[in-house]
A.B. asks: 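I'd like to ask you about the structure that follows.
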Number of protein chains: 2
Amino acid sequence: MAPANFMTGVAELMVLRLVKDREMYGYEIVAAIREETGAVVRAGEGVIYPVLHGLEKDGALAASRKTVNGRSRIYYRLTPKGLRRLDGLAQDWTALAGAVDTVLKGRRHAPAL
Amino acid sequence: MAPANFMTGVAELMVLRLVKDREMYGYEIVAAIREETGAVVRAGEGVIYPVLHGLEKDGALAASRKTVNGRSRIYYRLTPKGLRRLDGLAQDWTALAGAVDTVLKGRRHAPAL
DNA sequence: TCCCTATACCTCGAGCATCTAGGTATCGTA
DNA sequence: TACGATACCTAGATGCTCGAGGTATAGGGA
């Protein structure tokens with residue numbers, strides 16, 4: 001049996017969070033996720049590019065092409081809609097993480113705040 | 001765009017964790033997940049039964065049919081193999097949760113190139 | 001008795017996100 | 001000029017979830 005992923009939705013959440021701080025381009029995002037998570041999350045280009053396109057199509061990201069050092073890059077920045085989406089996903093994630101933690105630790109009677 | 005799931009693999013992890021404490025049957029597990037997570041995780045029967053069958057086929061769970069109060073139930077218990085799988089998944093989950101948290105909180109922010 | 005709900009099992013098909021594995025092109029360096 | 005790094009992209013297969021159904025029994029109420 002293959003190792004379960006747990007990855008669903010995480011890629012999108014991370015993309016939104018990363019571009020919140022500053023404009024970033026796809027290749028850079030892939031590297032940032034690999035480095036900042038200590039390679040725990042390995043979301044390759046095959047994952048990130050479709051996510052970026054989907055988010056842009058949905059109006060959560062805005063893209064602008066720029067040439068830097070002779071290299072053509074597509075920078076993405078967060079739109080207000082994207083910010084709302086990020087907030088929602090972050091909340092969902094926090095709730096899930098708390099729920100999983102509760103079950104993992106087996107506290108049956110502790111009120112969850 | 002629909003709300004992202006984040007659910008992949010979580011159902012399996014929770015099933016393994018729940019039956020670690022005591023034998024449980026499918027219908028009971030569905031209710032337990034709903035209640036213990038405050039309905040944050042809504043893994044219905046359509047999710048849990050296939051997971052149970054898969055884990056049993058894989059040797060992670062052992063099943064035994066019992067009749068209680070005139071009702072036929074299939075109880076599952078954790079095997080040594082299932083325990084190893086639980087430990088592995090729990091570790092994976094913890095690592096992922098930590099990684100996501102790191103990115104969400106935006107620590108370690110390197111200067112732009 | 002009949003019917004409805006709760007219990008308890010199960011499966012199918014649609015949908016969607018991931019993952020692998022490719023492809024293209026440019027730049028700097030050896 | 002050959003190569004690796006940069007930077008973009010897509011197609012197909014896989015795998016998991018999810019909803020909607022189906023079967024059957026027990027118990028209670030009208």
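Lettering of chains follows the sequences in order, A, B, ..., and the numbering in each one begins at 1.
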A.B. asks: For dT7(C), take OP1 and OP2 only and decide whether either is under 4.0 Å from a side-chain N or O of Tyr27(B).
C.D. replies: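 Yes.
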A.B. asks: Is the shortest distance from a Lys or Arg side-chain nitrogen in Glu36(A) or Arg17(A) to a carboxylate oxygen in the other one below 4.0 Å?
C.D. replies: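 Judged by the 4.0 Å cut-off on N to carboxylate O distance, Glu36(A) and Arg17(A) do not form a salt bridge.
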A.B. asks: Pick base, sugar-phosphate or nothing for Gly26(A), based on heavy-atom distances below 4.0 Å to the nucleic acid.
C.D. replies: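 Sugar-phosphate: the residue Gly26(A), judged by heavy atoms under 4.0 Å, touches backbone atoms but no base.
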A.B. asks: Can you tell if the side chain of Ile48(B) reaches within under 4.5 Å of the side chain of Ile33(B), non-hydrogen atoms only?
C.D. replies: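 Yes - at least one pair of side-chain heavy atoms lies under 4.5 Å apart.
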A.B. asks: Is any side-chain N or O of Tyr25(B) closer than 4.0 Å to OP1 or OP2 of dA8(C)?
C.D. replies: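 Yes.
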A.B. asks: Which listed nucleotide (dC18(D), dT18(C), dA7(D)) is nearest to the side chain of Arg73(A)?
C.D. replies: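 Nearest nucleotide to the side chain: dA7(D).
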A.B. asks: Are OP1 or OP2 of dT10(D) and a side-chain N or O of His53(A) less than 4.0 angstrom apart?
C.D. replies: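 Answer yes for this pair, as a side-chain N or O of His53(A) is under 4.0 Å from OP1 or OP2.
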A.B. asks: Whole-Å distance between dA7(D) C1' and Leu52(A) CG?
C.D. replies: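 Distance check: Leu52(A) CG to dA7(D) C1' gives 12 Å.
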A.B. asks: Identify, with sequence neighbours excluded, every residue that meets salt bridge (Lys or Arg N to Asp or Glu O under 4.0 Å) alongside Lys20(B).
C.D. replies: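 Salt bridge (Lys or Arg N to Asp or Glu O under 4.0 Å) check on Lys20(B) returns nothing, list empty.
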A.B. asks: Expressed in angstrom and rounded to an integer, what is the separation of Leu89(A) atom CG from dA17(C) atom P?
C.D. replies: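 Distance check: Leu89(A) CG to dA17(C) P gives 11 Å.
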A.B. asks: Leu96(A) CG to dT17(D) P: how many Å, rounded?
C.D. replies: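 Value for this atom pair: 12 Å.
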A.B. asks: Counting only N and O atoms by type, is there a donor-acceptor contact under 3.5 Å from the side chain of Ser72(B) to the main-chain atoms of Thr67(B)?
C.D. replies: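 Side chain of Ser72(B) to backbone of Thr67(B), a donor-acceptor pair under 3.5 Å: no, none is there.
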A.B. asks: For the pair made of CD in Glu28(A) and P in dA7(D), what is the distance, rounded to whole Å?
C.D. replies: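 Whole-Å distance recorded here is 8 Å.
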A.B. asks: Below 3.5 Å, does any donor atom in the side chain of Glu45(B) face an acceptor in the base of dC9(C), or the other way round?
C.D. replies: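 Check passes, donor-acceptor contact within cut-off.
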A.B. asks: Whether Tyr49(B) contacts dC10(C) is assessed here as follows: a side-chain N or O lying under 4.0 Å from the phosphate OP1 or OP2. Is that the case?
C.D. replies: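 Checking dC10(C) against Tyr49(B), no side-chain N or O comes under 4.0 Å of OP1 or OP2.
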A.B. asks: Among residues 61-72 of chain B, which ones have heavy-atom contacts with DNA chain C below 4.0 Å?
C.D. replies: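 Close to the strand are Arg71(B), Ser72(B).
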A.B. asks: When the distance from CD1 of Ile74(A) to P of dT6(D) is rounded to whole Å, what number comes out?
C.D. replies: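 Rounding to the nearest Å, CD1 of Ile74(A) and P of dT6(D) are 18 Å apart.
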A.B. asks: Counting N and O atoms only, with roles assigned by atom type, does the side chain of Thr79(A) sit under 3.5 Å from a partner on the main chain of Gly59(A), one being a donor and the other an acceptor?
C.D. replies: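 Between the backbone of Gly59(A) and the side chain of Thr79(A) there is a qualifying donor-acceptor contact (under 3.5 Å).
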A.B. asks: Rounding to a whole Å, what distance do you find between Lys57(A):NZ and dC16(C):C1'?
C.D. replies: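 Between C1' of dC16(C) and NZ of Lys57(A): 14 Å.
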A.B. asks: Please state how far atom CD1 in Ile48(A) lies from atom C1' in dA17(C), giving the value in whole angstrom units.
C.D. replies: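 That distance rounds to 12 Å.
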A.B. asks: Separation of Tyr75(B) atom OH from dA8(C) atom C1', in whole Å?
C.D. replies: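 Rounding to the nearest Å, OH of Tyr75(B) and C1' of dA8(C) are 11 Å apart.
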A.B. asks: Is Lys66(B) paired with Glu23(B) through a side-chain N to carboxylate O contact shorter than 4.0 Å?
C.D. replies: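 Looking at Lys66(B) together with Glu23(B), the answer is yes, because their closest N to O distance falls below 4.0 Å.
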A.B. asks: Can a side-chain donor-acceptor contact be found between Arg73(A) and Tyr75(A) if the only test is distance below 3.5 angstrom?
C.D. replies: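 Short answer, yes.
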